[in-house]
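Since the structure comes first, as structure tokens, the remarks are kept for the end.
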Amino acid sequence: MLVPQAVLSQARHNPSLAQALHSHLIKCGLHDRHPYSASLIDSYAKSRLPHHALRLFLSLPPPPHPVAWSSALSACNLSSNPRLSLSLSLPILRSYPTLPDHFVFATLFNSFASLAPLHLSLAKQLHARFLFSPFSHDDVVKSSLVDMYSKFSLPLCARAVFDSISSFNKASWTAMISGYARNGFKNEALKLFRVAPNRDLFAWTALISGLVQSGNGVDALQLFVKMLREGIEILDPLVLSSVVGACANCALLELGKQVHCLVIGLGFESCVFVSNALVDMYAKCSDLDAAKGVFLGILRKDVVSWTSIIVGSAQHGRAEEALALYDGMVSAGVKPNEVTFVGLMYACSHVGLVGKGRELFRSMVEDHGIRPSLQHYTCLLDLFSRSGHLEEAENLVRTMPVAPDEPTWAALLSACKHHGNAKMAIRIADNLLSLKPEEASSYILLSNVYAGAGMWENVSKVRKMMMLMDVKKEPGYSCIELGKESYVFYAGETSHLMKDEIAALMRKLDEEVRKRGYVPDTSSVLHDMDQQEKERQLFWHSERLALAYGLLKSVPGTIIRIVKNLRVCGDCHTVLKLISTITSREIYVRDTTRYHHFKEGRCSCNDFW
DNA sequence: TTAGGGTTAG
């Protein structure tokens, strides 16, 4: 043999040896013969030289050997562009329909999984071809199918394949647990996890991460504690990045800090995935200084590191900082992605930088080749409408190449209301009404617009629709963290142990805000009741209860952080601004759509949310 | 040569 097997295997993780071997094989005239060509492709793939691997593969005479083909596909999957897998494979599949072996099938399903939700129809066609192939009983291929259907958000299809697997393998169990958990099938995920033959770190991570992704952060955190109690050793940091994410989603700053300590204790602070999650967690928990501290400590900042701090700064109304960070990102040679531009345009819309936002949108498309999504158009629309360019915003929503959804119309409607353009508001409200929204907040917005225009028939129509569609206004609650404990207050709640002190402070503050010209704005109260009752409802909104409790219990001068499950209403927003002046306290409120930073009578959202 | 768990928007 001209090339010993040892050399071939050494070249797998050694780029220069792979290239030297390639030269040698060209001299021997063997570079395009199997198995040498396949080994070379594999070496290039594993040496992280995917383009070398693909160039060699494409130079081979047809039909390709399946080993060379699957090695080339591995190169595609390892590269940052898994779409290459399809462009490479579709012509081969058309010309040689029976050529794929089990290795090719498994690697191709892996490619489809990483491209989901795109190309589902092609993926299903390939699944059909696999079923009619001589490899249809291969369990490794079936495991890749379980993972693929999970990533296509089709856990029932994944389960059907999973049930056809003949012998146990860890990969299929992990993929199925993850598939259930991430797609909102919490009970099925837990049930499968309980009977799993091997509950290793992979299975725990699949379950915990999946629950975080489907919005079950509290369940995920409880399971993480259980995992620690069961003595599962945290050998790699993957589960930690998800746990940090759970703290971020639930806005649990103190717990987030404890997990940060655990990350340091276990020696994973240099892992960029975990650091990125920490940056996001601190930003989402309203501690932007801590987020910056973690960000500055990341040695090799990637696009997610930069984007996390840009988005965090933007959400806290620090537009100039977000834009300066973007300049830093460009100088550091890190290419922005579609999420970066969402953050940047969000920053611009908050301070009315219309020209800059428009320029960023152009640059995203022309300089970075990013196709704008509905969310980018919604950002652009927000930018126009917030700064009063309502006609341009409406024109955009009617001409953009993607269909507007309920939040898009709601954003425009909110801007019309803010700028007092009743005529356009009614036009937009009619569009929103025709979409039959499911969100209670949209109905309230609609009802307010019609009520403002004196269109009582439509007000009643909106309320009837709410009843017909069984849309109920979710009970409002606010959460406040004090020390290591957090407290939840529901709107109108009067059962708290300190209810008398809370009510007394609220009355005192009410007197103070009225002295400063506050007049209750009851437009967000839907029910037919007299003015006094409407004002009473506002008075007991959950964020006010949480704030009063925070003022009573926290260390004077410290920041008060509140998280609310609904949007802050206009009236509470006015009151919170005034209270920040009266008490000389900074108040952060994270609601469902915005971050509000109340300080000295102003809010970082510029009264627009 | 093929299969499983991780971070940024919404």
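The analysis underlying the following values was restricted to heavy atoms, covering all of them including side chains, and did not include hydrogens, waters or symmetry mates. In what follows, chains carry the letters A, B, and so on, assigned in the order in which the sequence lines appear, proteins first and then strands, with residues in each chain numbered from 1.
Residues A:W204 and A:F193 bring their aromatic ring centres within 6.0 Å. Here the two rings, on A:Y377 and A:F361, have centers that are under 6.0 Å apart. Two rings, from A:Y326 and A:W306, have their centers 6.0 Å or more apart.
Among the heavy atoms of the strands, none lies under 4.0 Å from A:N198. Within the nucleic acid shown, A:S71 has no heavy atom closer than 4.0 Å to any nucleic acid atom. A:D302 comes within contact range of no nucleotide atom at all, as no heavy-atom separation falls under 4.0 Å. Heavy atoms of A:V339 sit under 4.0 angstrom from at least one base atom.
Not counting sequence neighbours, the partners of A:L262 by the side-chain contact (heavy atoms from CB on, under 4.5 Å) test are A:F224, A:L240, A:L266. Every residue two or more places apart in sequence or in another chain that forms a side-chain contact (heavy atoms from CB on, under 4.5 Å) with A:D138 is listed here: A:H102, A:V140, A:V141. Partners of A:A403 by side-chain contact (heavy atoms from CB on, under 4.5 Å), not counting sequence neighbours: none found. Taking the side-chain contact (heavy atoms from CB on, under 4.5 Å) definition, one finds that A:S363 meets it with A:E359, A:D367, A:H368, sequence neighbours left out. For A:D289, the side-chain hydrogen bond (donor to acceptor under 3.5 Å, both in side chains) test picks out no residue, with sequence neighbours left out.
For the pair A:N77 CG and B:dT1 P, the computed distance is 17 Å after rounding to whole Å. Spacing between atom CG of A:L278 and atom C1' of B:dG6 amounts to 13 Å, rounded to whole angstrom units. A straight line from CD1 of A:I41 to C1' of B:dT2 spans 16 Å, rounded to a whole angstrom. If you measure from atom CG of A:L211 to atom C1' of B:dG6, you get 14 Å, rounded to the nearest angstrom. Atom pair A:L223:CG and B:dG6:P shows a separation of 15 Å (rounding to whole Å applied). Taking atom CZ of A:R182 as the reference point, atom C1' of B:dG6 lies 10 Å away to the nearest angstrom. Between the CG atom of A:L374 and the C1' atom of B:dA9 there is a distance of 12 Å, given to the nearest Å. Taking atom CG on A:L145 and atom P on B:dG4, their separation rounds to 11 Å, with Å as the unit.
Using modelled atom types, one finds no donor on one side chain facing an acceptor on the other under 3.5 Å when comparing A:S144 with A:D147. Donor-acceptor pairing under 3.5 Å is lacking for the side chains of A:S39 and A:D42.
Contacts between residues 98-119 of chain A and DNA chain B, defined by a heavy-atom separation below 4.0 Å, involve A:H102, A:F103, A:A106, A:T107, A:N110, listed by number. Contacts with DNA chain B (heavy atom under 4.0 Å) in residues 259-275 of chain A: A:C271, A:F273, listed by number. For the contact set between residues 292-301 of chain A and DNA chain B, defined by any heavy atom under 4.0 Å, there are no members. Interface residues of residues 129-139 of chain A facing DNA chain B, ordered by number: none; criterion, heavy-atom separation under 4.0 Å.
Looking at A:N169, its side chain has no donor and acceptor atom pair within 3.5 Å of the base of B:dG4. Counting atom types as modelled, A:S144 pairs no side-chain N or O with a base atom of B:dA3 as donor and acceptor under 3.5 Å. In this model, no side-chain donor or acceptor of A:S308 finds a partner on the base of B:dT8 within 3.5 Å.
Of the candidates B:dT2, B:dT1, B:dG5, B:dT1 carries the atom nearest the A:D42 side chain, counting heavy atoms from C-beta on. Proximity note for A:E338 (side chain, C-beta onward) versus B:dT7, B:dG4, B:dA9: the nearest is B:dA9. The side chain of A:F202 approaches B:dG4 more closely than any other nucleotide in the set B:dG4, B:dG6, B:dT2. Nearest to the side chain of A:V342, among B:dA9, B:dG5, B:dA3, sits B:dA9.
Taking only side-chain nitrogens and oxygens, A:Q213 comes nearer than 4.0 Å to OP1 or OP2 of B:dG6. The side chain of A:K284 contributes no N or O atom lying less than 4.0 Å from OP1 or OP2 of B:dG10. Phosphate contact (OP1/OP2 of B:dG10, side-chain N/O of A:Q315, threshold under 4.0 Å): present.
Listed by first and then second residue, the salt bridge (charged side-chain N to carboxylate O under 4.0 Å, His left out) pairs involving residues 210-227 of chain A are A:K186-A:D219 (not counting sequence neighbours). Residue pairs meeting the salt bridge (charged side-chain N to carboxylate O under 4.0 Å, His left out) criterion with at least one member in residues 255-268 of chain A, sequence neighbours excluded: A:E254-A:K257. Residue pairs meeting the salt bridge (charged side-chain N to carboxylate O under 4.0 Å, His left out) criterion with at least one partner in residues 166-184 of chain A, sequence neighbours excluded, are A:K170-A:D200.
Although no hydrogens or angles enter the test, the distance criterion places no donor-acceptor pair under 3.5 Å between the side chain of A:T307 and the main chain of A:V304.
A:F109 contributes atom CZ, which lies 12.0 Å from atom OG of A:S143 (distance to the nearest 0.5 angstrom).
A:N276 pairs in a side chain to side chain donor-acceptor pair (under 3.5 Å) with only one of the listed residues (A:S308, A:S241, A:S305), which is A:S305.
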